[in-house]
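For the numbers below, each heavy atom of this structure counts, side chains included, while hydrogens, waters and symmetry mates do not.
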Amino acid sequence: MPNLKLNAVAFMSPQNHPILIKSFNKQHAIKYHYIAHTSLDVIEERVLAAGKACECYLGLLFSMEYVAVYGYITPLKVKIVIALPLSDAVVRDAEITMVFKALHLAYYSSISNPFLKLNESGDSHSEHSSLLTVGSAKWKNFGQRIDDISSVVGQTINSAANS
């Protein structure tokens with residue numbers, strides 16, 4: 001089994017605005033912003049092609065420059081994109097789905113916090129505009145959960161391989 005390593009994680013709103021784009025490789029942060037935005041076109045194509053029977057896990061979206069990009073869309077149309085290093089090893093969909101479910105749960109737990117005050121301006125154009133302030137200190141726990149998931153992913157996959 002391969003050792004999965006997250007290069008980047010992106011959360012995009014239903015209106016395709018970035019909620020969070022987190023790169024675990026600081027040298028290529030701009031590259032992962034580009035990949036996150038590029039993946040939105042592929043996600044929309046797949047969702048339109050599938051119609052109402054669209055599954056949350058969208059599978060491998062594309063690969064480029066030593067990066068494999070996978071997509072997931074929540075029932076509320078928030079898009080989650082992960083970038084993994086491209087390798088010759090087989091990456092099972094079950095492993096990737098497990099990572100997406102953990103990321104989805106981290107996001108859901110953060111927005112479900114009744115004590116989290118979102119910085120929503122009075123002239124907001126959408127219900128998700130407030131989520132764009134995810135970089136603020138109030139969202140520290142969400143960022144920490146993403147970091148924890150990234151650090152645990154490889155350990156979990158390796159533990160399952162040894163079992």
Around atom OH of Y34, are there more than 12 heavy atoms from other residues, nucleotides or ligands closer than 6.0 Å?
no
Taking atom CG of L61 and atom CZ of R46, what is their separation to the nearest 0.5 Å?
5.0 Å
Closest contact, heavy atoms only, L84 versus K5
CD2-O, 3.3 Å
Sequence-distant partners of D41, side-chain hydrogen bond (donor to acceptor under 3.5 Å, both in side chains), two or more places apart:
none
Can you tell me how far the CG atom of L48 sits from the CD1 atom of I43, to the nearest 0.5 Å?
12.0 Å
Please walk me through it: do I35 and K31 pass side chain to side chain contact (heavy atoms under 4.5 Å, CB included)?
CA-CA 6 Å; I35 288 172; K31 173 183 168 181; 4.1 Å; yes
Do D147 and K22 have side chains that get closer than 4.5 Å, going by heavy atoms?
yes
Once the angle between the rings of Y32 and H28 is folded into 0 to 90°, is it parallel (under 30°), tilted (30 to 60°) or perpendicular (over 60°)?
perpendicular
Can any side-chain N or O of S110 pair as donor or acceptor with the backbone N or O of A106 at less than 3.5 Å?
yes
Is it possible for you to say whether I80 and V42 belong to one hydrophobic cluster, with membership spreading through side-chain heavy-atom contacts below 4.5 Å?
no
Please tell me whether Y70 and I149 are part of a single hydrophobic cluster in this structure, the criterion being side-chain heavy atoms less than 4.5 Å apart.
yes
Check against side chain to side chain contact (heavy atoms under 4.5 Å, CB included), V69 and L60:
CA-CA 6 Å; V69 181; L60 178 67; 5.6 Å; no
Sorted by chain and residue number, the ring-ring contact (aromatic ring centres under 6.0 Å, His included) partners of Y72 (sequence neighbours excluded) come out as F100, H104
Determine, stepwise, if the pair K79 / L58 fulfils side chain to side chain contact (heavy atoms under 4.5 Å, CB included).
CA-CA 10 Å; K79 295 134 191 121; L58 301 172; over 6 Å; no
Contact check, side chains of H37 and P18, non-hydrogen atoms, under 4.5 Å
yes
Might you work through the side chain to side chain contact (heavy atoms under 4.5 Å, CB included) test for Y107 and I19, ending with a clear yes or no?
CA-CA 10 Å; Y107 174 75; I19 296 170; 3.8 Å; yes
Supply the atom-to-atom distance L103 CG to T74 OG1, rounded to the nearest 0.5 angstrom.
12.0 Å
Once salt bridge (charged side-chain N to carboxylate O under 4.0 Å, His left out) is applied, do any residues pair with D93, and if so which ones, sequence neighbours excluded?
none
Decide whether L105 and M12 are clustered together by the hydrophobic rule: side chain heavy atoms of Ile, Leu, Val, Met, Phe, Trp, Tyr closer than 4.5 Å, transitively.
no
Heavy-atom pair with the smallest gap, counting every atom of S150 and F24:
CB-CZ, 3.5 Å
Are I82 and V91 co-members of a hydrophobic cluster defined by side-chain heavy atoms under 4.5 Å apart?
yes
Neighbour count above 12 (heavy atom, 6.0 Å) for E44 CD:
yes
Hey, quick one: are L76 and I73 part of the same hydrophobic cluster, counting side-chain heavy atoms closer than 4.5 Å, chains of contacts allowed?
no
What I want to check is whether the side chains of S109 and R145 have a donor and an acceptor closer together than 3.5 Å.
no
